[in-house]
Visitor: 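Attaching a single structure in structure tokens format; questions to follow.
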Amino acid sequence: KMSAYEAIRGQYHLRETIGSGGFAKVKLAYHGLTGDKVAIKIMDKKSLGDDLPRVKVEIDAMKEMNHQHICRLYQVVETDDKFFMVLEYCPGGELFDYIVAKDKLSEDEARSFFRQIVSSVAYMHKTGYAHRDLKPENLLLDEDQNLKLIDFGLCAKPKGGIDHQLFTCCGSPAYAAPELIAGKEYQGNEADLWSMGILLYALLCGFLPFDDENIASLYKKIASGRYDLPSWLSKESIQILDALLQVDPKRRITVQQLLTHPWLLKQENIPVDYSSKYKTFEHLDEDCVTELAVHYGQTKKEMKEQLSEWKYNYLTATYLLLLNKKTCNKPIRLLQQKKTLKENNKNK
Ligand SMILES: Cn1cc(Br)cc1C(=O)Nc1[nH]nc2c1CN(C(=O)N[C@H](CN1CCCC1)c1ccccc1)C21CC1
């Protein structure tokens with residue numbers, strides 16, 4: 001049986017580890033046929049333990065979401081002992097590090113980022129998912145300062161719809177909504193809006209509104225809903241923070257109301273557009289289909305049938321990366337994959 005890395009090795013050139021968390025690590029890699037950079041999240045089944053279902057949750061969620069501010073899933077490889085998720089590579093790293101490096105952001109820069117966050121969350125909620133772990137560590141920067149949402153391992157797709165009650169308490173305490181830490185029933189979408197308030201406060205201030213080493217006093221501060229307002233905050237910034245950081249979830253602003261909030265309209269006066277700029281899964285790009293059909297020596301019809309199955313195999317990844325190139329006006333060309341020595345000898 002093929003070892004895990006062998007499965008990946010023929011398709012990608014693995015490079016250094018760029019991130020490591022509890023049960024997973026992320027490696028930079030190059031996709032063999034396009035030469036494009038990708039990030040491969042590698043999870044060991046044994047060390048996942050009973051967190052294993054979270055991987056399925058994350059994979060199923062990311063397969064369903066196709067949005068310019070949500071990190072793109074290209075391919076999934078499962079072996080006996082590992083999961084590999086091939087994901088979009090973001091060379092700017094985490095928004096968290098960006099804020100720390102700049103101390104705090106200007107209101108205009110915070111607005112530019114927050115509009116993108118609202119766009120990704122509105123799309124996610126529309127698709128029926130609540131993230132439940134929104135924080136600056138889970139927002140990555142691409143080469144054009146665009147934000148990409150990651151880490152859907154704690155997300156929920158409530159059976160009864162996005163406004164259905166949830167129970168599991170999860171996420172990072174400093175970003176968790178009062179109703180969530182109170183152990184009450186809560187709605188995932190409402191809890192996400194609270195976390196967005198914490199996020200916006202961090203963008204504008206460079207520190208957290210509720211913070212304490214002691215978890216019990218942290219919870220008391222969150223439940224009180226009282227936080228400092230630094231002198232540099234404008235009246236409008238204070239207003240939108242107040243709308244988001246409402247302790248009572250029923251009084252909290254909704255993501256739909258956010259789309260046209262005056263603070264977000266300041267500057268360009270255009271409501272946040274949360275629709276996906278990417279083509280739907282049904283529409284296959286003719287040029288990319290042609291390039292793949294030629295490369296694999298198949299008819300366009302056969303290639304379209306294979307692509308339409310969206311198996312999230314190497315073919316899905318190659319198609320999506322070619323589509324990226326086309327969107328960035330780069331030539332849609334596949335590198336002639338260097339045949340491995342074994343293959344060469346076989347053909348002799
Ligand atoms: C840190 N950094 C610096 C540069 Br330059 C690029 C990066 C970078 O990580 N880029 C990057 N592109 N695509 C990805 C990443 C990181 N990354 C991640 O998924 N990163 C997360 C980061 N989480 C935030 C809170 C806990 C862990 C991660 C999850 C599990 C293990 C390790 C890392 C993906 C795959 C989606």
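Remember, it's 1-based here, ligands and their atoms both numbered in the order they're listed. Since this is a predicted model, take the numbers as computed values, not measurements.
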Visitor: Out of all atoms in ligand 1, which are within 4.0 Å of some heavy atom of G21? Include the element for each.
Guide: 31 (C), 32 (C)
Visitor: H125 and Q256: side-chain donor and acceptor closer than 3.5 Å?
Guide: no
Visitor: For atom 5 (Br) of ligand 1, state which one of G153, G93, P91 supplies the nearest heavy atom.
Guide: P91
Visitor: Is it the case that one hydrophobic cluster holds both L33 and V77, taking links as side-chain heavy atoms less than 4.5 Å apart, direct or via other members?
Guide: yes
Visitor: How long is the gap from CH2 on W194 to CD on Q246, to the nearest 0.5 Å?
Guide: 8.5 Å
Visitor: Would you please say whether a donor-acceptor pair under 3.5 Å links the side chains of K25 and T17?
Guide: no
Visitor: May I ask you to establish whether K104 and W232 are in a cation-pi arrangement, using a distance under 6.0 Å from NZ or CZ to the six-membered ring centre and at most 45° from the ring axis?
Guide: yes
Visitor: Is the closest N or O pair between C90 and ligand 1 shorter than 3.5 Å?
Guide: yes
Visitor: Could you tell me which atoms of ligand 1, counted from 1 in the order shown, lie closer than 4.0 angstrom to a heavy atom of A39?
Guide: 12 (N), 13 (N), 14 (C), 35 (C)
Visitor: Go through ligand 1 atom by atom and flag the ones less than 4.0 Å from a non-hydrogen atom of N138.
Guide: 23 (N), 24 (C), 25 (C)
Visitor: Can you name the atoms of ligand 1, numbered from 1 with element, that are less than 4.0 Å from a heavy atom of D151?
Guide: 19 (O), 21 (C), 22 (C), 23 (N), 24 (C), 25 (C), 26 (C), 27 (C), 29 (C)
Visitor: Is it true that L14 and M85 fall in one hydrophobic cluster, defined by side-chain heavy atoms closer than 4.5 Å?
Guide: yes
Visitor: Checking side-chain polar atoms at under 3.5 Å, does D211 have a donor or acceptor matched by the opposite partner on Y227?
Guide: no
Visitor: Tell me the nearest of E94, M43, R72, E143 to atom 22 (C) of ligand 1, using heavy-atom distances.
Guide: E94
Visitor: Is the side chain of R115 donor-acceptor paired with the backbone N or O of L264 at a distance under 3.5 Å, no angle test?
Guide: yes
Visitor: With L149 as reference, evaluate Q116, H67, H131, H69 under the side-chain contact (heavy atoms from CB on, under 4.5 Å) test and give the passing residue.
Guide: H131
Visitor: Under a 4.0 angstrom heavy-atom cut-off, which atoms of ligand 1 come close to A24?
Guide: 30 (C), 31 (C)
Visitor: With heavy atoms only and a cut-off of under 4.0 Å, state how I18 meets ligand 1: side chain, backbone, both or neither.
Guide: both
Visitor: May I ask which of T17, L140, I150, L149 has a heavy atom nearer to atom 15 (C) of ligand 1 than the others do?
Guide: L140
Visitor: Looking only at distances, can you tell me whether any N or O atom of K25, backbone or side chain, sits closer than 3.5 Å to an N or O atom of ligand 1?
Guide: no
Visitor: In terms of atom number and element, which parts of ligand 1 are under 4.0 angstrom from non-hydrogen atoms of E137?
Guide: 24 (C), 25 (C)
Visitor: Go through ligand 1 atom by atom and flag the ones less than 4.0 Å from a non-hydrogen atom of G19.
Guide: 32 (C)
Visitor: Return yes if a side-chain donor-acceptor contact under 3.5 Å exists between D273 and S275, otherwise no.
Guide: yes
Visitor: Considering only the protein, which heavy-atom contact is closest to atom 33 (C) of ligand 1, and what is its distance?
Guide: V26 CG2, 3.6 Å
Visitor: Please list, in number order, the atoms of ligand 1 under 4.0 Å from a heavy atom of S20.
Guide: 32 (C)
Visitor: Which protein heavy atom lies closest to atom 35 (C) of ligand 1, and at what distance to 0.1 Å?
Guide: L87 CD1, 3.6 Å
Visitor: Could you check atom 13 (N) of ligand 1 against the protein and tell me its nearest heavy-atom contact, residue, atom and distance included?
Guide: E88 O, 2.9 Å
Visitor: Only one of E64, E58, M65 forms a side-chain contact (heavy atoms from CB on, under 4.5 Å) with M62, so which one is it?
Guide: E58
